[in-house]
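All chains are named by letter (A, B, ...) in the order of the sequence lines, taking the proteins before the strands, and each is independently numbered beginning at 1. All figures in this text were calculated on a predicted structure; none of them were measured in a lab.
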Amino acid sequence: MTTRRDLLTMIGCGLGAASFAGWAPPSWAANPAGPRLMFVLLRGGLDGVHAVPPVGDPGYAPLRGALALSPAGPTAAGGAAFALDGTFALHPSLGFCARLYAQRDFLPIVAAAPPYWGRSHFEAQDCVENGTNSPSGAETGWLNRAVGACHQQGLSATAVTPLIMRGPAPIDAWSPPLPNRVNPILLQRLEPLYGEDEALAGAFADAIAEQGEETGIDGRIRGAQLAIGQRLPTIFAAAGAFLARRGGPRIVFVEDYGWDTHANQAAILTRKLAELDRAVHAFHDAVLPVWSRTVAIVVTEFGRTARVNGTGGTDHGTGGAMFLLGGAVDGGRVGGQWPGMRPEDLYQHRDIHATTDQRVVFKGVLATHLGMSEEVLARVVFPDSAGLRPAGGLLRRGVHAA
Amino acid sequence: MVVEAVRAAASAANRFGLGARPDEIAGIEDPAAWLLAQLRRPPDGAAAFAGLPSSLEYLRREAELNRERRRLRRLATATGTGAASAASGSAAAARNPLARLFRQAFGDDLRREALARWQIAATTTTPFAERLVRFWSNHFAVSVDKAPARLYAAPLEREAIRPHFAGRFADLLLAVETHPAMLRYLDQAQSVGPDSPLARRVDRRLARRAVRGDRPAQRLGLNENLAREILELHTLGADSGYTQADVTEFARALTGWSVPFPAQLERGRVDRPFLYRAAAHEPGMRSVRGRQYPDTGFDQARAILLDLAASRATARHLAFELARHFVADAPPRALVDRLTAAYLDSDGDLGVVYAQLIEAPASWAPAARKFRTPQDFLIAALRGGSIALGSRPQPFEWFAARLGQPTFMPRSPAGFSDLATDWIGSDALWKRVQAAEGLAQRVPRAGLDPAMLAHATLGPRFDAPTQAAIRRAEAPQQALATLFASPAFQWRV
């Protein structure tokens, strides 16, 4: 029998290969030309109105007050925003994303949300991750089920696997390693011990196979202390390098924290969005060889209140922004249906209404990019979602492996 | 001792405590009595924490530092040096003189706070009490990556949690929600009632400025962050039936709960780190979960908190969290029921709840076990290996961060998970093996007998295969690395 370790050696890849037992990969799984997908979850609730300000909406400036941005020039909330179309602009910290937009590789989608509208971070994140109609709808994650259904290799760029990547499909995890090498004899001694521990055996076998490796991804990552503001670019760069590698994973999950801006939002998001922008730039550069076959989806668990609260921030809301980016994306336009920002347009008089269920977008990407059938999407990946048709027209035609 | 008794003693030290020190299990004659006795005396720590500044002291010094920063910023603007431009990026931050000022002013204190906390964990003779303190510290999580809360996470544990962890939950809750750490972390300190005298005064001033054509400034108003997290995380729990209207009403009642102003601190006019700002309080009757609360100023939100503490949903939420932390990821329902009843019957006396936890047979069942979180793992190695901390906490803080659980830096107000699924992963286990080697290097070598040490710390969990693996090690340090990295060491059994 071929062990996983052998296989890793065979395909010349120190990391990322999931277990190959039990299925025959479709021809394109080993095909360097196959599609690549990165999924990014910004935990805490990114304020979509701040990231993609609807500057042309007459309701925007009055409701946003001191947080209002303008493409015409600097405001109290920051520099001049990048104009996208007649209605929307992009936050001034998102300069690289604006460049991608100009080359039609960046597609912001406004007023999107998971089906749960209850304003709890934790329940909303669970709902985004489990892919069902409710926070407790499933114990496994939809990205794991997608990895399993399309026989792909999946990688979670986290030390431990979050809900979205948990489930029956084997998933690798990677985070910047500790510097010391481990004595191989110690590993030999530990192997039989872990083999007897049901709860730990699988994870330990994977750890041994990967050896915290020596990914060759970026020597500078090894043992480096990630400086403030560099964490996300470093992880995005690694994710891009994994995806670009021959025989590497095709689906990668990345997460970030710190988007819960109840106070002093203008300053915090100027910094956080700049870090995200640098991360997107780093990802682009790392994944460049396969950029044309790449889609990244960036989402958050909810949008925030339309009005500024009493402390220069915004509270938990409903409709928010999500981004698609990559060479396979048909961008250069703003997606979604904007519900308007007049007081009477708001959901419960406070939030941006959600007009797009995030899963419609996820399904659209999985169907077009990964070639998954609508039936599998509606039954396995997003259970009981037959009523939600996959969104069409998100991606350029003909760039994915069909 | 009979096998059962040794097994229970090991559970007392490893699952209820922080990981056995070499002499600990042998010294436990009656495990239940050993645990209960720890609740009756104040937890260790008085000596380790002696001389650390109070929150009030931190607030004063922080106000001074901010005044100095403003002075430097003005100077920089005047001379055009841009010293305070606080450019983004790490290199710029390292050169940033303002960040340096903070380190100069508080770096020593932060190091001492961290070192004292590791010290107590490593050496305490009341490890069950210490685990409870940390359980509550995580229940009422505050993250130091939010700058205004940075100095106060450690004092929150010292000042609000240690004195109340075995008393009435209502007292603990009040102490936490009035502490500057929580008031700042969840943005309560700046929340102002939209119809409060203060907001009205500011509104009039803004109207005059608008007439003059000045740039509009921001209105003062409500921030509902603390109110929501109290309901969802600190008391009732998610999915317990409260509404958005309850959150907003509670947030209105909480307006005025704040920390003293810099000017007051500088004039030395305050004697505690909490300030009720009557002028910021939203006037009027509040309705939360169907109950009316007349406007009694500070006492309005206090009355709501006391009702929350007394509610059945809170009892059940806390009982479930405790049972899950000490017994199993999916705790037996009967145990949760028993703890819930103990809470309700005792008017929320946590000491009574802990006693029931200890007396319940389910707490000692063979199936009871928990996976050690990274902090648990590090502390167990420090205790088991009698590792000396030295004068710097940094190596241990670094391990904790790289293993995924940086001290006082949970990713959300929900705190760190204590579920096995959130910590078991190939990358995470690999890093534990790496950390085990690093920790083994720090164990004092004099008189070291790894097999004895393993037996003393694991008790009956020191099974034959683990014994064989340790015996085969080519050097004592490798034997200890094997112990710390072994699966037996990763579980609190």
Side-chain angles (χ1 to χ4, degrees), chain A residues 43-44 65-66 76 119-123 135 156 158-161 166 172-178 180 182-183 185-187 189-190 192-194 196-197 199-200 203-207 209-212 225 227-230 257-258 260 262-263 271 274-275 308-313 315-316 348, chain B residues 88-91 93 145 186-187 190-192 194 199 215-225 228 232 238-239 244 247 371 398 402-404 411-414 420-431 433-435 437-438 465-466 469 472-474 478 481-482 485-488 490:
Chain A
R43 299 184 192 271
R119 302 195 185 96
S120 154
H121 288 298
F122 318 111
E123 297 197 327
S156 184
T158 55
V160 288
T161 312
R166 276 188 224 142
D172 282 328
W174 176 90
S175 64
L178 295 172
N180 58 304
V182 172
N183 176 359
I185 299 167
L186 171 63
L187 295 177
R189 276 198 211 97
L190 291 171
L193 301 182
Y194 275 91
E196 294 298 308
D197 188 314
L200 303 178
F204 193 77
D206 287 348
E210 291 147 16
Q211 305 263 324
Q225 294 265 27
I228 293 166
Q230 282 311 314
Y257 301 89
D260 191 20
H262 284 279
R271 179 172 57 74
E275 184 177 354
V308 184
N309 68 13
T311 52
D315 293 319
H316 303 182
Q348 295 184 347
Chain B
S88 60
S90 55
D145 61 4
L186 293 178
D187 307 302
Q190 313 133 277
S191 183
V192 171
R215 200 172 83 177
Q218 199 193 315
R219 287 196 62 213
L220 299 175
L222 211 57
N223 186 308
E224 63 186 34
N225 202 8
R228 182 185 302 280
E232 178 175 337
D239 226 5
Q244 174 62 42
V247 173
F371 190 71
W398 188 82
R402 296 315 285 273
L403 293 174
R411 273 87 186 214
S412 81
T421 45
D422 289 318
W423 296 111
I424 295 174
S426 58
D427 193 70
L429 285 183
W430 181 258
K431 289 193 169 69
V433 176
Q434 290 186 298
E437 286 201 312
T466 309
R472 278 193 220 113
E474 69 272 24
Q478 280 303 310
T482 309
S486 69
Q490 310 313 312

Supply the atom-to-atom distance [X] [atom1] to [Y] [atom2], rounded to the nearest 0.5 angstrom.
X: N309(A); Y: L220(B); atom1: CG; atom2: CG; value: 11.0 Å
X: H316(A); Y: Q244(B); atom1: NE2; atom2: CD; value: 10.0 Å
X: D206(A); Y: L429(B); atom1: CG; atom2: CG; value: 9.5 Å
X: N225(B); Y: D260(A); atom1: CG; atom2: CG; value: 5.5 Å

With sequence neighbours left out, what residues match E224(B) under salt bridge (Lys or Arg N to Asp or Glu O under 4.0 Å)?
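Per chain and number, E224(B) pairs via salt bridge (Lys or Arg N to Asp or Glu O under 4.0 Å) with R350(A), R228(B).
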Minimum heavy-atom separation for [X] and [Y], please, with both atom names.
X: A485(B); Y: Y194(A); answer: O-OH, 2.6 Å
X: A173(A); Y: D427(B); answer: O-CB, 3.6 Å
X: S426(B); Y: A207(A); answer: O-CB, 3.3 Å

Could I get the full list of ring pair (Phe, Tyr, Trp, His ring centres under 6.0 Å) partners for F371(B), not counting sequence neighbours?
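In terms of ring pair (Phe, Tyr, Trp, His ring centres under 6.0 Å), with neighbours along the sequence ignored, F371(B) is linked to W491(B).
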Does any heavy atom of chain A fall under 4.5 Å from the side chain of [X], the backbone, both, or neither of them?
X: A199(B); answer: neither
X: L222(B); answer: backbone
X: D239(B); answer: both

Just checking, any donor-acceptor pair under 3.5 angstrom between side chains of N223(B) and T311(A)?
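Distance-only check passes for N223(B) and T311(A).
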Would H262(A) and D187(B) count as having a side-chain donor-acceptor pair, cut-off 3.5 Å?
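On atom types as modelled, these side chains do not qualify, holding no pair under 3.5 Å.
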Option in H121(A), R189(A), E196(A) with maximal non-hydrogen atom pairs under 4.5 Å from chain B:
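Of the candidates given, the most pairs with chain B belong to R189(A).
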Side chain, backbone, both or neither: which part of [X] has a heavy atom under 4.5 Å from chain B?
X: R43(A); answer: neither
X: L200(A); answer: both
X: N183(A); answer: both

Side-chain heavy atoms of L186(A) within contact of E437(B), under 4.5 Å:
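Result yes, sub-4.5 Å side-chain heavy-atom pair found.
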With a cut-off of 6.0 Å (strictly less than), are more than 12 heavy atoms of other residues, nucleotides or ligands near CD of Q348(A)?
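It does: Q348(A) CD has more than 12 such atoms within range.
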